[in-house]
Every structure is written in C-alpha cells, then in structure tokens.
Amino acid sequence: TELKSGLMSSTKLLDPDKTNVINEYHDQKSDGYCNKCGKELYDKYKSALLDEKNKISSRLQKLISAIPVISTHSPLNWNYNILEMVTGQSTTGTDVISEFTSSFTDLFGAQSGRHNKKLKSGEDMCFAQLRKQALDAGGNAVIATDIDYSELGAGKGMIMVCMAGTAVKLKNSDVLGQQKAKHIDELVSLNDRLRHLGQYKVPEY
C-alpha cells in the first residue's frame, strides 16, 4: 500500500510500539504496518497481550508463596549463589477504638484479633514484595530475613511493617521438595515472560 497523507484520507505507518505488539503475536513479522491493515491487527493483539498479562499475574499470585522466605542465614543442604538485598514495607492503620479494645483484652491475657489481622495483612504484603524482588533479581529464595514493626508518627495510629532479606539463586531447589521445586521453576518462567511483555507500552483500557 502506498503511503500518503491528505485531508480526506491518509495512509501512514503505525508507530514502532504498536508494530512491536503485532510482531509479538503475528505469524508473519514485518518492519512496519500501515494504519489500514495494522489497526485491526493491533487491536486484536493488544487484547491478547493484556489478557496474557492478566493470566500470568493471576498465576504468579497463586504460586508466589512457593518461594521460601526464611530467617536462617545458611540453610542446611542449600547450594546457592547470593544475589542482592531485598526489602518490603507496608503501612497499616489502627483506630482509637481498636487500640482501646486491644489494651483492654490484653489486660486479661487475650489477644486483639483486629490488630493481629492488620499486622498479618502487612506481613503478607512484605513477604510478597520480597518474593517478587527475588524473582526480578533472578533468584528463587530469600534467606536471612528480618522483620521489624514500628509506629509511624506519634499518636497517628499507623504501624509500619518492614522486612529485609537476601535474595539467592538456589541451585538444588529439589531440596525443598519436588512439588515446590516445580512451582518455583514455573514462577521463574512466568515472571520472565511478564517482564518481557512489560516492555510494550499498551494502555490498560
């Protein structure tokens, strides 16, 4: 098709970002596509890309807990390479009523379920951050993990949960068990694919 521009109609090349999205899925690769044939292809493969990213993200969320996050510095029988430090932070709000209830129940030796749930939610967020950072660094486990709690702003009822650990590349992941090792291998593959798809600039609408 001849490229042309005019007031009534024009034929021009799609921008490189859209061309790259098409070439990711289209059988026949091309250096460029015009807006006549390329627009339909882009709309089709844009939907395919977003759908794949959503499916990968859902699968990652389901399997992410398979990556071990432990406090031990030198786990027994682990053969690994040290990669880098990973961190996680989460801020959890508490209100005056929950603080009063907690102090009242603690007076009788009971624990405040409301506080515990909020702290557990913050911990889970930090664990997920550590695991994702380890994956992004090319690792599959986190060792020497430390967790801290602190009040954020005096009297503001905010608690910060902080975690830090060392991401490692575990060479003998079978030491964790066959099923977990299988899930870890799948996580690494899925995360690599998600990062590859992340290079494409595609609006989420």
Side-chain angles (χ1 to χ4, degrees), residues 16-27 29 38-71 75 78 80 83-93 113-114 116-143 145 147 159-205:
D17 288 335
K18 294 182 178 180
T19 297
N20 290 335
V21 170
I22 296 173
N23 284 333
E24 177 66 34
Y25 294 95
H26 201 46
D27 292 334
K29 314 302 180 186
K39 185 180 184 305
E40 183 177 348
L41 287 173
Y42 173 73
D43 290 341
K44 173 184 177 181
Y45 293 131
K46 170 191 169 184
S47 297
L49 187 146
L50 292 176
D51 184 58
E52 184 180 1
K53 287 178 67 176
N54 288 334
K55 289 180 178 179
I56 291 176
S57 295
S58 296
R59 185 63 176 166
L60 281 172
Q61 291 176 21
K62 184 176 181 180
L63 298 179
I64 195 71
S65 60
I67 295 179
V69 178
I70 61 177
S71 59
W78 279 30
Y80 58 87
L83 299 177
E84 62 182 44
M85 182 179 181
V86 290
T87 62
Q89 304 85 30
S90 175
T91 303
T92 303
R114 185 178 300 178
N116 288 345
K117 286 181 180 179
K118 289 183 177 181
L119 287 176
K120 182 63 168 59
S121 178
E123 291 171 357
D124 290 343
M125 177 65 70
C126 290
F127 278 124
Q129 291 174 7
L130 261 59
R131 289 174 168 127
K132 184 61 169 66
Q133 288 178 36
L135 278 175
D136 290 341
N140 52 18
V142 181
I143 64 173
T145 306
I147 180 170
I159 297 176
M160 175 176 285
V161 182
C162 301
M163 285 189 189
T166 302
V168 299
K169 173 66 175 180
L170 183 59
K171 300 177 183 178
N172 58 335
S173 58
D174 55 309
V175 73
L176 303 173
Q178 187 175 4
Q179 187 65 29
K180 181 165 285 190
K182 182 180 178 181
H183 285 165
I184 289 176
D185 289 342
E186 183 180 354
L187 278 166
V188 172
S189 177
L190 288 172
N191 194 62
D192 287 344
R193 178 61 179 170
L194 187 63
R195 295 181 71 185
H196 171 73
L197 296 178
Q199 69 181 310
Y200 301 120
K201 300 176 182 178
V202 175
E204 300 287 338
Y205 54 85

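What you see is a predicted model, and the numbers here were worked out from it, not measured in a lab.
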Engineer: Is there side-chain contact between I67 and K132, with heavy atoms separated by less than 4.5 Å?
Structural biologist: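 They are not in contact (no side-chain heavy atoms under 4.5 Å apart), so the answer is no.
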Engineer: Please name the pair of heavy atoms, one in P68 and one in I184, separated by the smallest distance, quoted to 0.1 Å.
Structural biologist: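 Scanning both residues completely, I find the closest heavy atoms to be CD-CD1, 4.0 Å.
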Engineer: Quick check on salt bridge (Lys or Arg N to Asp or Glu O under 4.0 Å): which of K18, R193, K44, K53 does E24 satisfy it with?
Structural biologist: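 Passing option: R193.
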Engineer: Output a table of donor-acceptor pairs, distance under 3.5 Å, between side-chain atoms of residues 163-174 and any protein atom two or more places apart or on a different chain; print 'none' if there are none.
Structural biologist:
| from | atom 1 | to | atom 2 | distance (Å) |
| --- | --- | --- | --- | --- |
| K171 | NZ | N81 | OD1 | 3.4 |
| N172 | OD1 | N79 | N | 2.9 |
| N172 | ND2 | N77 | O | 2.8 |

Engineer: Working to the nearest 0.5 angstrom, can you tell me the gap between I56 CD1 and D51 CG?
Structural biologist: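 The CG atom of D51 is 10.0 Å from CD1 of I56, to the nearest 0.5 Å.
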Engineer: Could you tell me the separation between the CD atom of E123 and the CD1 atom of I147, rounded to the nearest 0.5 Å?
Structural biologist: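 Separation between the atoms: 4.0 Å.
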Engineer: To the nearest 0.5 angstrom, please state how far the CD atom of E186 sits from the CG atom of L60.
Structural biologist: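 So the gap between those two atoms works out to 8.5 Å.
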Engineer: Starting at CG of D43, measure out to CD1 of I22 and round the result to the nearest 0.5 Å.
Structural biologist: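 Spacing of CG (D43) from CD1 (I22) equals 9.0 Å.
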Engineer: Any side-chain heavy atom of V188 sitting closer than 4.5 Å to one from D192?
Structural biologist: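 Contact flag for V188/D192 side chains = yes.
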Engineer: What is the distance from atom CG of L176 to atom CH2 of W78, rounded to the nearest 0.5 Å?
Structural biologist: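 L176 atom CG to W78 atom CH2 measures 5.5 Å (nearest 0.5 Å).
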Engineer: With sequence neighbours excluded, what pairs up with Q199 under the side chain to side chain donor-acceptor pair (under 3.5 Å) test?
Structural biologist: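 Here the qualifying residues are H196.
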Engineer: What's the spacing between L187 CG and N140 CG if we round to 0.5 Å?
Structural biologist: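 It comes to 9.5 Å.
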Engineer: Considering only NZ, NE, NH1 and NH2 on the basic side and carboxylate oxygens on the acidic side, decide whether E52 and R59 come within less than 4.0 Å.
Structural biologist: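 Salt bridge absent between E52 and R59.
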Engineer: According to the interplanar angle, ranging from 0 to 90°, do the rings of Y45 and H26 count as parallel (below 30°), tilted (30 to 60°) or perpendicular (above 60°)?
Structural biologist: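 The arrangement is tilted - the two ring planes meet at 30° to 60°.
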Engineer: Of the non-hydrogen atoms in A141 and A134, which two are nearest, and what is the gap between them?
Structural biologist: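 For A141 and A134, the tightest heavy-atom pair comes out as O-CB, 4.2 Å.
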Engineer: Just wondering, do L194 and S57 contact through their side chains at under 4.5 Å, heavy atoms?
Structural biologist: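 Answer yes - side chains close enough.
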Engineer: Inspect the surroundings of CE in M160 and state if more than 12 heavy atoms from other residues, nucleotides or ligands are less than 6.0 Å away.
Structural biologist: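 Check passes, neighbour count above 12.
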Engineer: Examine distances only and state if a side-chain atom of S189 and a backbone atom of D185 form a donor-acceptor pair shorter than 3.5 Å.
Structural biologist: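 Pair absent, no side-chain N/O of S189 close to backbone of D185.
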